[in-house]
Amino acid sequence: MIVVVVELARQIKQSELCHHIRGDKMLDLKFIRENVELVRKNLRDRANKLDLDGLLKLDEKRRKLIQKVEELKYKRNIASEKIAQLKKDKKKTDHLIEEMKDVGKEIEKFEDEVSTYEKKVNQTVLLIPNIPDSSVPAGLTQDFNKEVRSWGKKPEFDFQPRLHWDIGETLGILDFGRASKITGAHFALYKGLGASLERALVNFMLDLHLNKHGYKEIWPPVLVNRECITGTGQLPKYEEDMYRCELDDIFPIPTAEVPLTGLHMDEVLEEKNLPIYYTAYTPCFRREAGSYGKETRGLLRVHQFDKVEMVKLTKPEDSDIELEKMVQNAEEVVQLLELPYRVMLLCTVEMGFAARKCYDIEIWAPAQGKWLESSSCSNCGDFQARRLNIRYRKKDGKTELVHTLNGSGIALARTFAAILENYQQKDGSVVIPEVLRPYIGGVEKIEG
RNA sequence: GGAGAGGUGGCCGAGUGGCUGAUGGCGCUGGUCUUGAAAACCAGAAUCGUCGUAAGACGGUCGUGAGUUCAAAUCUCACCCUCUCCGCCA
C-alpha cells in the first residue's frame with residue numbers, strides 16, 4: 001500500500017514537472033511533426049520502442065481541443081470588452097454576464113481535456129532521444145562503433161601481469177572488503193598512497209584544463225533537483241539508474257555534466273561570452289541497476305566514482321569543432337599519463353540519450369586484456385538547451401538556443417585501474433606516472 | 001526552524017480588478033548627424049501556442065500551481081526561491 005502511494009506521488013510530481021518543464025514550449029514537438037520519418041529512423045537506430053504514431057495521434061487530438069478552447073476564449077474576451085464599455089456607460093450587463101458564465105464553464109471543461117492530453121504528449125516527448133549527427137554510424141551493436149585513432153604502445157611484460165584489484169589489495173591501497181562492510185557491494189575505498197594517488201589525479205587533471213585548456217573551475221552541489229536533471233536528459237528515462245533523496249526529491253548526480261550544464265537554466269547569455277568552458281571535479285553516483293556480470297570486478301563498475309568533467313556552451317555553428325577540441329583535451333590527459341588508448345566514434349545505439357555525436361576514449365588494461373571506457377565526449381546540439389531553456393542573444397537582437405557539450409576529462413576509477421595495470425613491476429610495485437609525482441609529494445613508486 | 005520584506009521583459013524598475021504584453025531608464029539593433037567614434041535625435045525589438053502556403057488573425061504568458069470573477073500582474077490559498085533579523089549547526 002505504502003509503495004503504491006509513493007509511486008503515485010512520484011508520478012504526480014513527474015507529471016507536474018513535465019507540465020512545468022517547457023510545457024509551454026513545444027518547439028521540439030513541431031520538429032517531430034515536420035520530421036516524422038527522421039524521428040522514426042532515430043528511434044529505430046537507437047533501438048527505442050517509443051510509440052511515435054500514438055504520440056502523433058495524441059498531439060492531433062490536443063490541437064483540436066486547443067482550437068475549441070481558443071474559440072471560446074475569443075468569444076469571452078469580446079464580451080468582456082463589451083461589458084466594460086457598458087458599465088462605463090452605466091448600462092445593463094446582466095444578460096451578457098449570465099451568458100459568459102456558461103461559456104466559462106465550457107472553457108473549463110475543454111481546458112481540463114487539453115491539459116490531460118498536453119501532459120501525455122509532454123511526457124512522451126521527453127522520452128525521445130536526440131537526433132544523431134549525419135556523421136554518426138547507424139548501428140544496433142557496438143560493432144558499428146568506429147575506431148578513429150589510437151595512441152601509445154601496449155606494454156609488454158616478462159611476467160604474468162596482475163589485475164588491478166589484485167595489485168591494489170596487495171599494496172594496501174584499495175580495500176573493497178571494508179568498503180562493502182560500511183556501505184555495500186561495488187563501492188571502493190582508497191587507502192594511503194591509493195587515496196593520495198586519486199587526489200593527485202584530480203589535481204593534475206584540473207590544473208591541466210584550467211591552465212592549459214582555458215576552462216573555468218566550478219565546485220557545484222552534487223545533489224540536484226528533478227528539473228535540472230530532466231533538462232540534461234537523464235530523467236525521466238533513467239530514473240531507476242539514479243540514487244534519490246526521497247524526502248526532498250533531489251538526486252546525487254551521476255555526472256557533473258548535470259549541474260555544469262544546468263547552471264544556466266532559463267538564462268539568456270551574451271554572445272560575446274560564448275563559448276563558455278567549465279570544468280569540475282565531483283564524485284558521481286550511479287545505481288547501475290541491472291548491470292551484473294564480469295564487468296563488475298574491482299574498479300570497473302562502482303556506484304560511486306570520481307570524475308573531472310568538462311562542459312561547454314557554444315554557438316550552434318561552433319559546436320562541431322568544439323567537440324573535436326574537447327576530445328583532444330581529454331586525450332591529452334591520457335597522453336601525459338602515458339597510457340595507451342584509442343578513440344571510438346560511437347554508433348547510434350551506443351550513444352547517450354541527449355547526444356548527437358559522441359566519442360569514447362578507451363584505455364588499454366593489459367591484465368584484463370581489454371579497453372576501458374574512460375571518457376565520453378558528446379555534442380548534445382540544442383537538445384539540452386531546449387529542455388533547460390538556455391539561449392543567447394544574437395547581433396540582430398533575437399535569441400537562439402545554445403549548443404551544449406560535455407566530456408569526461410577524465411573518469412578516475414578506470415584510469416586508476418589502468419595505471420595499476422600498465423605501470424606494475426615484476427616485484428609487485430607500481431611506478432607513479434611522472435606527471436603525477438609533483439602532486440603526490442614526489443613519490444615515484446608504490447611498494448608493498 | 002521562527003518573524004518580516006520581496007519575486008514583473010536581457011538588466012533595473014513602475015504598476016492593487018476592465019484597451020497593461022505591461023509607463024520609464026539602461027543595454028541592444030537599424031537610421032540621421034560625424035572624417036571616424038562619442039553624444040544627441042528618430043525608429044525597431046518579449047516569448048510560447050493554435051489556425052494559415054503566406055500576409056496575418058487569434059489564444060496564452062508578470063516565481064510555480066490552484067481558486068474567486070463575465071474579466072486577474074493586480075484579490076484568496078498552497079508551494080518554491082531571494083533578502084533581513086532571531087534560533088540551531090559542520
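Proteins get letters first, then strands, A, B, ... in listed order; numbering begins at 1 in each. Because the structure is predicted, anything quoted here is derived from the model rather than measured.
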> Of all heavy-atom pairs between A:Leu372 and A:Arg414, which one has the smallest distance, and what is that distance?
Replying inline: CD1-O, 3.9 Å
For atom [atom1], what is the distance between [N] and [M], given to the nearest Å?
N      : M      : atom1 : value
B:rC12 : B:rC28 : C1'   : 15 Å
B:rA38 : B:rA57 : C1'   : 44 Å
B:rA22 : B:rU8  : C1'   : 9 Å
B:rA5  : B:rG9  : C1'   : 23 Å
B:rU74 : B:rC19 : P     : 14 Å
B:rG10 : B:rA45 : C1'   : 12 Å
B:rG31 : B:rG36 : P     : 13 Å
B:rA73 : B:rG65 : P     : 13 Å

>> Using heavy-atom distances to pick each residue's nearest nucleotide on RNA chain B, tell me which of A:Ala84 and A:Lys394 is more 5'.
In response: A:Ala84
> If each of A:Glu108 and A:Lys75 is mapped to the nucleotide of RNA chain B with the nearest heavy atom, which maps nearer the 5' terminus, i.e. the 5' end?
Replying inline: A:Lys75
Quick test: give all pairs of protein nitrogen or oxygen and nucleotides 88-90 of chain B nitrogen or oxygen below 3.5 Å, distance rounded to 0.1 Å.
none

Which residues share a ring-ring contact (aromatic ring centres under 6.0 Å, His included) with [X], sequence neighbours left out:
X        : answer
A:Tyr392 : none
A:Phe251 : none
A:His264 : A:Tyr278
A:Phe305 : none

> What pairs of residues pass the side chain to side chain donor-acceptor pair (under 3.5 Å) test when at least one of them lies in residues 91-105 of chain A, not counting sequence neighbours?
Replying inline: none
> Looking at the side chain of A:Ile83, which of B:rG67, B:rU50, B:rC70 is the nearest nucleotide?
Replying inline: B:rC70
>> Using the side-chain heavy atoms of A:Thr399, tell me which of these nucleotides is nearest: B:rG67, B:rC70, B:rU47.
In response: B:rU47
> Looking at CG of A:Leu56 and OG1 of A:Thr124, how far apart are the two atoms once the value is rounded to the nearest 0.5 Å?
Replying inline: 10.5 Å
Distance in angstrom units between [X] [atom1] and [N] [atom2], rounded:
X        : N      : atom1 : atom2 : result
A:Met265 : B:rU64 : CE    : C1'   : 14 Å
A:Leu72  : B:rC70 : CG    : P     : 16 Å
A:Asp249 : B:rU64 : CG    : P     : 20 Å
A:Asp102 : B:rU69 : CG    : P     : 14 Å
A:Phe110 : B:rU50 : CZ    : P     : 18 Å

N/O donor to acceptor pairs below 3.5 angstrom from side-chain atoms of residues 314-321 of chain A, sequence neighbours left out:
unit_1, atom_1, unit_2, atom_2, d
A:Lys315, NZ, A:Glu271, OE2, 3.2
A:Ser319, OG, A:Pro316, O, 3.4
A:Ser319, OG, A:Asn379, ND2, 3.0
A:Ser319, OG, A:His403, ND1, 2.8
A:Asp320, OD1, A:Arg356, NH2, 3.0

> Would you call A:Lys57 and A:Asp53 a salt bridge, using N to O less than 4.0 angstrom?
Replying inline: no
> Are any of the side-chain nitrogens in A:Lys73 or A:Glu111 under 4.0 Å away from the carboxylate oxygens of its partner?
Replying inline: yes
Are [X] and [Y] close enough that some pair of their side-chain heavy atoms sits under 4.5 Å apart?
X        : Y        : value
A:Leu55  : A:Val121 : yes
A:Ile173 : A:Lys191 : no
A:Met310 : A:Met205 : no

> Should A:Lys73 be listed as having a side-chain N or O under 4.0 Å from OP1 or OP2 of B:rG59?
Replying inline: no
>> Only Watson-Crick and G-U wobble pairs, only distances under 3.5 Å, only runs of 3 or more: what stems does that leave for RNA chain B?
In response: B:1-7 with B:80-86, B:10-12 with B:24-26, B:28-32 with B:40-44, B:46-51 with B:56-61, B:63-67 with B:75-79
Are there any protein N/O atoms within less than 3.5 Å of an N/O atom in nucleotides 8-13 of chain B, and if so, which ones and at what distance?
unit_1, atom_1, unit_2, atom_2, d
B:rG10, O4', A:Arg393, NH2, 3.2

>> A:Glu270: which residues meet the salt bridge (charged side-chain N to carboxylate O under 4.0 Å, His left out) condition with it, sequence neighbours left out?
In response: A:Lys272
Could you pull out the protein-nucleic contacts involving nucleotides 51-58 of chain B (nitrogen or oxygen on both sides, under 3.5 Å)?
unit_1, atom_1, unit_2, atom_2, d
B:rC51, OP1, A:Arg63, NE, 3.0
B:rC51, OP1, A:Arg63, NH2, 3.3

> How would you list, by chain and number, every residue that makes a side-chain contact (heavy atoms from CB on, under 4.5 Å) with A:Lys64, sequence neighbours excluded?
Replying inline: A:Glu60
